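In the text below, chain A, chain B and the rest are named by the order of the sequence lines, each starting its count at 1. Every heavy atom of this structure was used, including side-chain atoms; hydrogens, water molecules and symmetry mates were not. Since we're looking at a predicted model, the values are computed, not measured.
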Amino acid sequence: MKNRLLWPVLALVALLILNVVVTPTFFSLRLQDGHLYGSLIDILRNGAPTLLIALGMTLVIATRGIDLSVGAVAAIAGAVTCTHIAAGGNPWVAMGLALALCAVLGLWNGFLVSVLGIQPIIATLVLMTAGRGIAMLITEGQIVTVDSPVYRQVGAGFLVLPIAILISLAVLGLVALVTRRTALGLLIESVGVNPSASRLAGVRARTIIWTVYVFAALCAAVAGLMISSNVSAADANNAGLWIEMDAILAVVIGGTSLAGGRYSLTGTLLGALIIQTLTTTVYTIGIKPEITLVFKAVVVIAVCLMQAPVRVRVGGRVRGKQGVPA
Amino acid sequence: MTVPVVDMRGISVEFPGVKALQEVDFRLFPGEVHALMGENGAGKSTLIKALTGVHPLAAGEIRYAGEPVAFTAPAQAQAAGISTVYQEVNLCANLTVAENILLGREPRKFGRIDGRRMRARAAELLARIGLHIDPGSVLESHPIAVQQLVAIARAVAVDARVLVLDEPTSSLDADEVAELFRIIRVLRDEGVAVLFVTHFLEQVYEISDRITVLRNGRLVAEHPTAALSRIDLVSAMLGREMGLLEEIERRSGTPGQAFLVAEGVGRKGSVAPFDLEIRSGEVVGLAGLLGSGRTEVARLLFGADKADSGRILVNGKPLRLTGPRAAIEAGVAFSSEDRKAEGIVADLSVRDNLILAMQAARGWARPVPRKLADELVAKYIELLDIRPADPDRAVGNLSGGNQQKVLLARWLVTQPKLLILDEPTRGIDVGAKAQIQKVVADLAAEGMAVLFISAELEEVVRVSDRVVVMRDRQKVAELDGDVGVDDVMALIAGGGDHGVDHGVEKAVAS
């Protein structure tokens, strides 16, 4: 486990060092009106939605699944909240409505995967596509802007640190606590490694799979609230666009295998930070906009390659044990 | 005697921290079937992999056809004429038989694969081993046994001088084994040297000309088969006295109440409706060939498959079997024959695997306390002699026998009333086998009901108080424990022996 996290840690440190070299003030923080400001804080704040969605994604991937619909779900959450507030509703009720609706969407994904047995990538592709349409229907095709001080706190507020990152870290702590202090983590991994054996051992595999999809949808909903709150607007087309890809990437960089099974929440945290730092780095070191995406791709490939020898070793061990030593 | 085609001298292979092989000599002559025997972990697979270039040698020399060789990859060994067929069929199930046989060396025409010539060439190769199937048919449309034979056809397609068969019979029934052996003899008579690894002693004596025994990575003995008695072979493999197998004595105690009663339980296309009663404190053996319905009976009783007729009573009360959980709640435990696919959770530790069923029963919100888990693990590691005795080791790294013990322990910690064991001793070494049989006898003595399924009749007869015989997906007989192996064999084979048939009817009626 420690080994698997070595390369992500080194990659993150390397990126930070690169930033300090280019911008000597990169690490400087200043306290103003009880708010911390600085590049590091920006990274944390902007990375909060990705981290949150990646946490949900980690558990889904651990059960051998994947959830492509999280970006669309995030857009729906923003759309519902903003539309309700714009119509004069209470922001708390609006956010509650959004979370409830997204939980239902998670139930839908879980139903397709665990009850109907549809492959996760296809099952969630349905909502990935349809979800944007639903968000459009809710906002009636407009970008809905709101002016609610309460709602604005979620994405842009500060309690010394940005509230968004506090929420994400709280969820990280909660997930770590719940999965490792209860048996949920063991059962999730067991279902991910060997679903048939788990079923015969009496594990409620269906319930577990259902649970992780609902959890992923809820994470996406909160992330959607952060994104839309930050700009005080709901954009059905662009909110959370491609964020599912960043989330999957964060999980993979963090060392959780897409084949399911053992997962690492710390790895996912590192993965999300790497991706956000990378995005920031692109701006701070002044890379031309037209090659930003290529630069990001190169770094991601490098990180994945660095992990590769470790992963091959792990894979070799797995293969070794299948050929039972005689 | 002729010159050996393979001559391995002083072979040592080391893995980090482990000496897998130490100064082993091994010879293989053309036109012989040579059995390589040993317990799990003795170094059989390692020796094969040293020969085929998978593992580098720490010391020693390999001569092939008189020349020193040092293969660095299995492909080199194969190109030189050493072909290996592994335990699991290593082919592409969705391709045709011909494509599988000639994969990577397809006949070409204008740069494209020439389908007609490929099928013709495959048909020749199949004919060589006397296997008459359509080369154009898809591989997965054939039973596993035929797929195994196709793997052999593929192996000999490259004019193999040495054919290595690593436990090829572990998933085959008696007829299929006979077919495999016929093919092995054909190849042997053509001068191919066959290296054969198996756990079945009967097969060794039926097919092999010579036996090499390994133990703990060292060479113990090499003998002509005819000169080595079974008891000598087993004691060479075990290196200890063979008392354990004899220790199981038939208990004279009376079984308790009927725990589980199946009335007309069946499933279309799987097994015909059958009646079965299992009492507390007795071991019921289920005998029959592969595909006779013995596994299907177990799966129906556990709710792993749903019955479409009949009903099941537990302690006299009807049980609604909606799935494995319902069975587990009623006190039924089931260990599947497919250890890898339906038993172990390979990446998780021994501890996690051991408490899995207990944890599943408690639900996720009530974790098994770490202290209790550690106590249970320590207890069962000692009780069942699980090796290595490391609770944190991933269970996939254990040998087959030890994995089986972990699975047994997984159910024992839940203290079931009825334990269904489907082939708990398949593919594991003699020592572990004896330990598992002993545990089964002890559990029954303590009042547990056990349904014991095994392909090995001697084992079924030795362990069981009653033997239920399955044939062609039907229950054909139920016999008292004092029955002999030959009687059961006759029932399994079926046919016209009137005396036995009469006995069957009586036994079923009683």
Side-chain angles (χ1 to χ4, degrees), chain A residues 1 4 59 62-64 114-115 175 177-212 215 255-257 259-264 311 313-326, chain B residues 20 36 38-49 86-88 166-167 197 214 302 304 323-325 327-329 334-336 338 340-348 352-353 355-357 359-368 394-400 403 410-411 414 427 429:
Chain A
M1 190 61 91
R4 282 202 297 187
L59 297 190
T63 64
R64 289 193 177 184
S114 74
V115 180
V175 176
L177 201 69
V178 168
T179 54
R180 293 306 176 198
R181 281 300 169 87
T182 71
L184 194 58
L186 167 65
L187 297 181
I188 286 174
E189 287 185 341
S190 145
V191 168
V193 175
N194 192 338
S196 331
S198 303
R199 174 173 169 263
L200 288 183
V203 178
R204 290 182 203 267
R206 188 177 284 185
T207 315
I208 297 228
I209 291 175
W210 218 325
T211 309
V212 296
F215 176 69
T256 300
S257 161
R262 309 303 303 251
Y263 64 87
S264 165
R311 305 187 65 75
R313 248 198 332 263
V314 172
R317 206 190 60 207
V318 171
R319 232 173 297 128
K321 63 193 162 188
Q322 278 171 352
V324 175
Chain B
L36 184 57
E39 287 199 85
N40 285 328
K44 302 186 298 274
S45 287
T46 312
L47 185 66
I48 289 172
K49 287 176 179 166
Y86 295 98
Q87 191 172 1
E88 281 88 20
D166 191 355
E167 294 196 47
V197 178
L214 298 180
F302 185 64
R325 279 191 72 88
I328 292 167
E329 275 162 30
F334 168 64
S335 169
S336 164
D338 196 338
K340 209 170 290 167
E342 298 191 326
I344 60 165
V345 183
D347 292 352
L348 296 189
D352 288 347
N353 269 278
I355 63 165
L356 185 61
Q359 184 60 68
R362 292 167 70 108
W364 66 269
R366 289 198 308 133
V368 176
V395 81
N397 289 345
L398 270 56
S399 70
Q403 290 177 357
R410 175 191 288 174
W411 288 114
T414 67
D429 61 79

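- If you tally non-hydrogen atom pairs under 4.5 Å between each of Ile208(A), Thr207(A), Leu186(A) and chain B, the highest count goes to Leu186(A).
- Both the backbone and the side chain of Leu184(A) come within contact range of chain B, judged by heavy atoms closer than 4.5 Å.
- Heavy atoms closer than 4.5 Å to chain A are found in the backbone of Ile344(B), but not in its side chain.
- Summarising the geometry, atom CG belonging to Leu348(B) is positioned 9.5 Å from atom CG belonging to Asn194(A); distances are rounded to the nearest 0.5 Å.
- Distance alone, capped at 3.5 Å, places no donor-acceptor pair between the Arg181(A) side chain and the Pro367(B) backbone.
- Only the side chain of Ile328(B) comes within less than 4.5 Å of a heavy atom in chain A; its backbone stays farther off.
- Considering only heavy-atom pairs separated by less than 4.5 Å from chain B, the leading option among Gly202(A), Ser198(A), Ser196(A) is Gly202(A).
- For the pair Leu187(A)/Leu356(B), a side-chain contact is recorded, criterion being any heavy-atom separation below 4.5 Å from C-beta on.
- Distance CG/Leu200(A) to CZ/Arg410(B): 9.0 Å, rounded to 0.5 Å.
- With rounding to the nearest 0.5 Å, the separation of CZ in Arg362(B) from OG1 in Thr182(A) is 12.0 Å.
- In terms of non-hydrogen atom pairs under 4.5 Å with chain A, the most contact-rich of Trp411(B), Phe334(B), Trp364(B) is Trp364(B).
- Per-residue counts of heavy-atom pairs under 4.5 Å with chain A were compared for Ala341(B), Gly343(B), Ala361(B), Ala365(B); the largest is that of Ala341(B).
- Contacts of Ser336(B) classified as side-chain hydrogen bond (donor to acceptor under 3.5 Å, both in side chains), with partners at least two apart in sequence or in another chain: Glu342(B).
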